[in-house]
Structures are given as C-alpha cells and as structure tokens.
Amino acid sequence: KALSEKTQLFTLITNVLAKDKAISDDWRKYARPVSSQNLANLVEDEVVDALVAAAKDSYATTAHRYYALKAKWLGKKKLAYWDRNAPLPNDDDQTIAWTDARDRVLGAYHAFSPELASIGKRFFDNAWIDARLKPGKSGGAFAHPTVPSAHPYLLLNYQGKVRDVMTLAHELGHGVHQVLAAGQGALMADTPLTLAETASVFGEMLTFQSLLKSAPDKSTRKAMLAGKVEDMLNTVVRQIAFYDFECRLHAARRQGELTPDQIGEIWMAVQGESLGPAFTFDDEYRHYWSYIGHFIHSPFYVYAYAFGDCLVNSLYAAYQAKPDGFQAKYLDMLKAGGVKRHKELLAPFGLDASDPAFWDRGLGVISGFVDELEKL
C-alpha cells in the first residue's frame, strides 16, 4: 500500500535518472547502459552477457523446479510472492553456540587449507570480530578492511542459527582475503565487485559442505539443502532478474517517458519469467520494483552478486574435479588483490568467464542441489 501511494513519485524519479544516465552515456560514448558499470568492475560486456544468458537459460532447471517443490512442501498449489522465503515446515531450528560455530568454520577452512584456517584463527584470537547482540548495534554483517597496514574488522549479529554460522564463514572469508591481499598495498589491494565475493562465498561453501556431511538425519539434510538453494536463487536468479528489469527499463526509457503501468508491466514480466509458474502475483506486486534501492543508487550493480556466486560455484566444481594443487592456486588468487583481471586469475584453474560453459558449470551446482532435494 505504501509503495503504491508513492508510485507516481518513484516513476518520476526513475524516469529522470534513466534519462540523465542516457545523456551521460551518450556523451561518453558507452555502447550500452551497463557498459559504465562493467568498466568499473573490470569486466567486458560480453562476459556479463554470457553470465546473463546462462542464468536465464537455467530458470527452468533451478528456480522453477525448486519453487514447485516448495509449493508442494507447504501444501499449496500456488505460492504467493510473500511465500518465496517462507520457512519450511521442517526448518532446522537448532541453536549453535558461538564457540561451536568458530570450531565448525575453522575446521572446514582447515580441511581445505591449514594456511587459510591459520589466518582465520587470528580473527578469533585477537578479538577482531564483533558478533555479540547489543542494543543500538548496526544490523547485518560486513568485513571492513581499514587499510593494508592494519588488520580488518568483522561485524556480525550472531544468534546461533545455521544461517548465522554461514554468515560467519562468509565474513571470515572476506577478512582472510583482505589479509592475503594486503601485500599489494593501499591502491591495489581492493578487488572489483565481480571478484570481491570470491573468498567469502568459497568459505561459505566449504562450511556448508562440512555441515552437510555431519547432518544427523535426512530431514536436517533436506532443510539445509533447501536453505542453501534459496540463498543461491536469491543471489543468482533474483539478481539476474533485477538486471534484466534494468536493461528493459533503460531501453524503453530511450523511446520516451514511462508510465507507472509500463514499468509495472516490465517488472511483472521479469518476475514471472524468473520465479516461474509456481507463483501467483497480485496487482499490488506491480509496485515492488520501487522497493529495490540499487535501481536508484547504483544502476546495474546487481549482476555482481550473481557473478560472484556463479564464479565460486565454478571454482568449487573445479576443486571437486581436480583437488590436487588447487589450494596453492586459490591462495595465489586471493593474494593478487586487484592487480589481475578475471581472465588472468582464472587461467591457472583452466577456467574462462567469457565461455558460457563456465557459467553453466556454476549454475549446475544449484541444479544439482535441486536434484538431491527431489530425491529426498
């Protein structure tokens, strides 16, 4: 209701900003609206095109299949849009102590690379992590690198859920990456957005696989897999749908000013295509595009989430296929910071992000989890 009452204002703002961007892009001779963001991310237009094409081709085998399963688990023929992230009936509600979470994450890191775990342990030993819940504390979680000559800090709000353990693994990955890349100096230690999530998502995957192996029963395993798939769909499918929305909106704006109904039509189209036939979308959902702040503050930022997640999935698949020598190459990748582009960083693993098969491999990790859920 609140969004619908402001739709005229949000539409005006969106029209003005899209037109302003078009003028700026024309002046600077950018080929497409996304090109300026790609340049900032040190990635070529065709590489992003390959990611987007592969992700859209996977909608049916990833999101559509999973949400059909979820509707069945919830006893529904169709899901409403607010059911997308609803907890499952058999959700894992165990509480995991902080010390146990630390041991699980460091254990998963150590099984992959003792050096990685050793760096991670320093964050716990030296109190570089603020995880305790406190009144007035900032929500969410992040890793702050300060400067290379000082250690990073991690902020979390740890409540003892499995998801919180995964968040710890994620943020610790950022911290370890920042420590390893510090040798490149203040100007070159930072990575572009497309590579910034590499260590964090990889650390999360290591921890998830470790927890999955120790799942006590089929029900717990199913809940963990479902939670992981939902996170991956939110990071990959949902963000690529957001990107698709932006592409269509900016293209349409070049033909003239857009009405709220026209923007709503674009939004409903991309949501229906990405989430699939398991959902029904009420008319009120037509206004939900205005809820996404990235469209206003950081045009075309959103694909970086999918880029990072799929890149790590492909890396992890390569690790499973050929584990020998992988760790040393992986650590070299993190130590490079922002010195090398994605092509140089992935070459030692025999991977190429401009090849659609690279993205298919990453998306195959998600569909593989859905395969297992169908069997369970």
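Checked for salt-bridge contact, Asp25 and Arg254 miss the test: no charged N lies under 4.0 Å from a carboxylate O. With salt bridges taken as basic N to acidic carboxylate O contacts below 4.0 Å, none links Lys343 and Glu44.
Between Phe295 and Phe242, a ring centre-to-centre spacing shorter than 6.0 Å is recorded. If you look at Tyr153 and His151, their ring centroids are closer than 6.0 Å. For Phe208 and Phe369, the ring centers are positioned less than 6.0 Å apart.
Between the side chains of His177 and Glu197, no donor N or O sits under 3.5 Å from an acceptor N or O. For the 3.5 Å distance criterion, the side chains of Tyr301 and Glu246 fail to qualify, holding no donor opposite an acceptor. A side-chain donor-acceptor contact under 3.5 Å links Asp217 and Thr220. Residues His287 and Thr7 have side chains that bring a donor and an acceptor to within less than 3.5 angstrom of each other.
What you find for Trp73 and Ala226 is that their closest heavy atoms are CZ3-CB, 4.2 Å. Minimum heavy-atom separation, Cys310 to Val236: SG-CG1, 3.8 Å. In terms of heavy atoms, Ala18 sits closest to Arg253 at CB-CG, 3.7 Å.
Residues passing the side chain to side chain donor-acceptor pair (under 3.5 Å) test with Asp283, sequence neighbours excluded: none. Evaluation of the side-chain contact (heavy atoms from CB on, under 4.5 Å) rule for Gln178 yields Ala143, Pro145, Pro152, His174 as partners, not counting sequence neighbours.
Using a 30° and 60° split on the angle between ring planes, Phe326 and Phe202 fall in the parallel class, below 30°. In this structure, His250 and Phe300 have tilted ring planes: the angle between them lies in the 30° to 60° band.
Other residues, nucleotides and ligands contribute at most 12 non-hydrogen atoms within 6.0 Å of the CD atom of Gln8. Within a 6.0 Å radius of NZ in Lys213, no more than 12 heavy atoms belonging to other residues, nucleotides or ligands are found. Within a 6.0 Å sphere centred on NZ of Lys78, other residues, nucleotides and ligands contribute more than 12 heavy atoms. Within 6.0 Å of CG in Leu9 there are more than 12 heavy atoms belonging to other residues, nucleotides or ligands. Surrounding NZ of Lys21 are more than 12 heavy atoms belonging to other residues, nucleotides or ligands, all under 6.0 Å away.
With contacts defined as side-chain heavy-atom distances shorter than 4.5 Å, the pair His144/Leu155 does not qualify.
Between the side chain of Trp359 and the backbone N or O of Val52 there is no donor-acceptor pair closer than 3.5 Å. Checked by atom type and distance alone, the side chain of Asp20 never pairs as donor or acceptor with a backbone atom of Val16 at under 3.5 Å. At least one donor-acceptor pair under 3.5 Å links the side chain of His64 to the backbone N or O of Glu273. Between the side chain of Gln184 and the main chain of Lys335, a donor-acceptor pair closer than 3.5 Å is present. Asp83 places a side-chain N or O within 3.5 Å of a backbone atom of Ala80 that can act as its donor or acceptor partner. With Asp244 contributing its side chain and Ile240 its backbone, the two residues share no donor-acceptor pair below 3.5 Å. Using a distance-only test at 3.5 Å, with no hydrogens or angles considered, a donor-acceptor pair links the side chain of Asn157 to the main chain of Gly140. For the pair Lys329 (side chain) and Pro348 (backbone), a donor-acceptor distance under 3.5 Å is present. The main-chain N or O of Pro114 is never found under 3.5 Å from a side-chain atom of Ser118 such that the two would form a donor-acceptor pair. Distance alone, capped at 3.5 Å, is enough to place a donor-acceptor pair between the Lys137 side chain and the Leu156 backbone.
If you take OH on Tyr316 and CD on Gln209, they are separated by 4.0 Å, rounding to the nearest 0.5 Å.
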Stepwise salt bridge (Lys or Arg N to Asp or Glu O under 4.0 Å) check, Asp371 with Arg65: CA-CA 9 Å; Asp371 289 343; Arg65 272 203 307 157; 2.8 Å; yes
Under the salt bridge (Lys or Arg N to Asp or Glu O under 4.0 Å) criterion, do Glu372 and Lys222 qualify, and how do the steps go? CA-CA 9 Å; Glu372 186 169 351; Lys222 178 180 173 182; over 6 Å; no
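With Tyr81 as the partner, the ring-ring contact (aromatic ring centres under 6.0 Å, His included) test is satisfied by one option alone out of Phe279, Phe281, Tyr291, Tyr288: Tyr288.
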